[in-house]
Amino acid sequence: EEDGILHENSHPLSMNDRVAFSLMNLTGQPIRLAESKSSDDIIRVRYLNHDDRVKLNAVASVSIIKNLSPKEVTFRRTSETPRELEKDDEFQNECQESISLEKSK
C-alpha cells in the first residue's frame with residue numbers, strides 16, 4: 001500500500017458462481033478496477049486477467065430527477081416498475097430524505 005492505494009489481484013469467479021453483478025474481461029489483456037469505500041480512505045485497485053470474471057460490489061439504485069438534478073436512490077423493491085415507484089408515496093418520501101441528506105453534507 002502506498003499513498004492510500006492498495007494493489008491486489010482479483011479473486012476470479014468460476015462460471016458456476018452466481019452473483020448479482022459481475023464483470024468478465026474479454027479485452028485480451030489484463031484490466032484494472034478501481035474501487036473505493038466510504039468507510040475508509042483507501043482506493044483498491046484490482047487486476048483482472050483476460051477471460052476471468054469478478055464480482056462487482058454495487059448497490060442497485062434508481063435514478064430520479066429532483067430540482068433538475070439527477071439523484072441515485074437505493075432500489076428497495078424488485079417487483080415494481082419505475083412508473084409504479086413514481087406513484088408510491090413512501091418511496092417518494094425516501095427519495096426526498098436522501099436528497100435532503102446530500103444537501104446537508
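Residue numbers start at 1 and run along the sequence shown.
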With ILVMFWY side chains joined below 4.5 Å, transitively, what does M15's cluster contain besides itself?
M24, L26
Nearest non-hydrogen partners of V19 and S22, listed with the distance:
CG2-CB, 3.7 Å
Atom CG in L48, atom CG in L23: separation rounded to 0.5 Å?
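Reported value, rounded in 0.5 Å steps: 6.0 Å.
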Between NE2 of H7 and CZ of R44, what distance do you get to the nearest 0.5 Å?
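One gets 12.5 Å once the value is rounded to the nearest 0.5 Å.
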Checking R18 now: which residues fulfil side-chain contact (heavy atoms from CB on, under 4.5 Å) with it, not counting sequence neighbours?
none
With sequence neighbours excluded, tell me which residues meet side-chain contact (heavy atoms from CB on, under 4.5 Å) with S14.
N16, D17
Report the C-alpha distance between V45 and I5 in whole Å, list the side-chain angles of each, state the deciding distance to 0.1 Å, and finish with yes or no for side chain to side chain contact (heavy atoms under 4.5 Å, CB included).
CA-CA 7 Å; V45 177; I5 299 175; 3.8 Å; yes
Side chain to side chain contact (heavy atoms under 4.5 Å, CB included) for I31 and N49? Distances and angles first, verdict last.
CA-CA 7 Å; I31 60 172; N49 292 320; over 6 Å; no
Test side chain to side chain contact (heavy atoms under 4.5 Å, CB included) on H50 and Q29; report intermediate values, then the result.
CA-CA 5 Å; H50 175 72; Q29 55 191 344; over 6 Å; no
So if I apply the side chain to side chain contact (heavy atoms under 4.5 Å, CB included) rule between V54 and each of L33, N25, L13, which one comes out positive?
L33
Salt bridge (charged side-chain N to carboxylate O under 4.0 Å, His left out): which pairs involve residues 46-57, sequence neighbours left out?
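The answer is E35-R46.
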